[in-house]
2 protein chains.
Amino acid sequence: MASQTEENYLKSLFNLANEKGEVNISELASQMQVSMPTVNSMVKTLQKNGWLIYEKYKPVTLTPEGKKDAALVIRKHRLTEMFLVNKMGFGWEEVHEIAEQVEHIHAPKFFERMDEMMGYPTIDPHGSPIPDKLGRIQEINYLSLSDCKAGQLVKLAGLTNSSTEFLEFLNGRNLSLGIELTIRSKEAYDQSIVVSYLNHNSETLSEKVCEKLLVKVVE
Amino acid sequence: MASQTEENYLKSLFNLANEKGEVNISELASQMQVSMPTVNSMVKTLQKNGWLIYEKYKPVTLTPEGKKDAALVIRKHRLTEMFLVNKMGFGWEEVHEIAEQVEHIHAPKFFERMDEMMGYPTIDPHGSPIPDKLGRIQEINYLSLSDCKAGQLVKLAGLTNSSTEFLEFLNGRNLSLGIELTIRSKEAYDQSIVVSYLNHNSETLSEKVCEKLLVKVVE
DNA sequence: CTATATTGTTAGATTAATCTAACAAAATTG
DNA sequence: CAATTTTGTTAGATTAATCTAACAATATAG
């Protein structure tokens, strides 16, 4: 069974993997906020336990077992976030830190009961998919708001970043998942977009913000 | 802030303390399932951090700070157990292992929200008092069933042992907190007691069991 | 009150997870 | 393509939590 530390490395590896499934030692070190030698030695441990493939001076790759175990940690994290929001009344900006701790609990019944109480949700409060019990993760292909054009009607469906600061920024503008946005215009100069929704008639969103908003085109 | 290991030592110290508040190294070692040298070195660490008083070859004593922090860990444990039973539908025999992990989560809001959702309970599912936010613990003086006499009507209010096996034994006889027991007779030879309650007309409980059942005299 | 048993301590080793310093390989860039 | 920068590795140290072996103090029991 993975230690908390190992679970955290698995999660990062899963999230950092590129199309080929590869992760560089330096990326992993910066994500985990540890030095490269630390990653180097941990990577050897993870390999010994069958979670990844490592060759000197090459990027590492999770094994199928590694991917599965990583997805199961992510499952516990996202189920927890959803439980905190839906059953305990927390705001979506408050749940990450708590879930970061709860995800390491080893008690299948605990997470199964959460799942059951919520009616088996498939996405978390930030629109990210919740892996199933076998660690399979449903691929969702949302569009970034920054790739949309004036005139489109879109529905806010997910985020590429869920930092507290960004979530508080969204809260401040009454932006939450499910909201429909009408794209009024797009500024060619700085790629900012003017949208209207609810009682907000013309809210300007910077490119930096638009990139992080995932949407589904409604019409 | 206490590590998980330190939190576990504090809990054990709190629970093992005698009337004078003293705990022997050997008791602590057996409770924690570690060797005496391990306890010896941990005790020095705990002292350095202000949680206890230690002098060579003497039993150790928690400081007020140590008692408070221990009680706050116990608070998280018991709130969790109550939440699992009352809000998540777990049986009282299933919650200890889960709470043993959840108690180490550092997220005051999480436990405050549980507390609030349950309406600020003062006892856990096994009848043990839940320390308050300041670590103050309400003293309850129940009687052991083994000290009761034939003819008494008592209400089951707590347990001195909450092992899964004992709880399953009680479940098997429909014994749960709040139930009123009429003491039919007490066998002088082996101290076993015959009780009646619900649709159980004459259930015999051994001394070993009676000792672990805490009751309040009804009449 | 001495002998024995129990309890507690010290010394030194081990493992997991981390670090810095020094070095080596690979990638980039003029 | 050689020089430089970036990335990765090795060696060796550190800290927390644990262990065993050896020894010392205290308690117990004839």
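These figures come from a predicted structure and were not determined experimentally. Labels below follow one simple rule: chain letters A, B, ... track the order of the sequence lines, proteins then strands, and each chain is numbered from 1.
- The heavy-atom pair separating B:Ala29 from B:Val39 by the smallest distance is CA-CG2, 3.5 Å.
- Nearest heavy-atom pair, A:Ser144 versus A:Ser146, reported as atom, atom and distance to 0.1 Å: OG-OG, 2.7 Å.
- There is a side-chain donor-acceptor pair under 3.5 Å between B:His104 and B:Glu7.
- Residues of residues 4-32 of chain B that place a heavy atom closer than 4.0 Å to DNA chain D, in numerical order, are B:Thr5, B:Tyr9.
- Residues satisfying the salt bridge (Lys or Arg N to Asp or Glu O under 4.0 Å) test with B:Asp124, not counting sequence neighbours, are B:Arg78.
- Note on A:Ser3: a side-chain N or O is less than 4.0 Å away from OP1 or OP2 of C:dA17.
- Shown here is B:Gln33, whose CD atom has no more than 12 heavy atoms of other residues, nucleotides or ligands within 6.0 Å.
- Within the 4.5 Å cutoff, the side chain of A:Lys11 has heavy atoms near those of the A:Ile74 side chain.
- Distance alone, capped at 3.5 Å, is enough to place a donor-acceptor pair between the A:Gln47 side chain and the A:Tyr54 backbone.
- With hydrogens and angles left out, the side-chain atoms of B:Ser26 and B:Asn24 include no donor and acceptor closer than 3.5 Å.
- For A:Tyr57, the listed nucleotide lying nearest its side chain is C:dA24; candidates were C:dT9, C:dT20, C:dA24.
- The distance from atom NZ of B:Lys58 to atom P of D:dT26 is 9 Å, rounded to the nearest whole Å.
- Cation-pi geometry between A:Lys212 and A:Phe166 is met: the NZ or CZ atom falls under 6.0 Å from the ring centre, inside 45° of the normal.
- Shortest non-hydrogen contact noted between B:Ile130 and B:Ile123 is CD1-O, 3.4 Å.
- The distance between atom CE of A:Met36 and atom P of C:dA21, rounded to the nearest whole Å, is 14 Å.
- Between the CD atom of B:Glu55 and the P atom of D:dT26 there is a distance of 12 Å, given to the nearest Å.
- For A:Glu6, the salt bridge (Lys or Arg N to Asp or Glu O under 4.0 Å) criterion is met by no residue, not counting sequence neighbours.
- Of the candidates B:Val194, B:Leu170, B:Leu175, B:Leu175 is the only one forming a side chain to side chain contact (heavy atoms under 4.5 Å, CB included) with B:Leu205.
- With a cut-off of 3.5 Å on both pairing distances, the Watson-Crick and G-U wobble pairs of DNA chain D assemble into stems of 3 or more at C:1-30 with D:1-30.
- Residues from residues 38-47 of chain A with heavy atoms under 4.0 angstrom of DNA chain D, sorted by number: A:Asn40, A:Lys44.
- With respect to B:Arg113 and B:Glu116, a salt bridge is recorded, a charged nitrogen being found less than 4.0 Å from a carboxylate O.
- Looking at residues 98-107 of chain B, you'll see that no heavy atom sits under 4.0 Å from any atom of DNA chain C.
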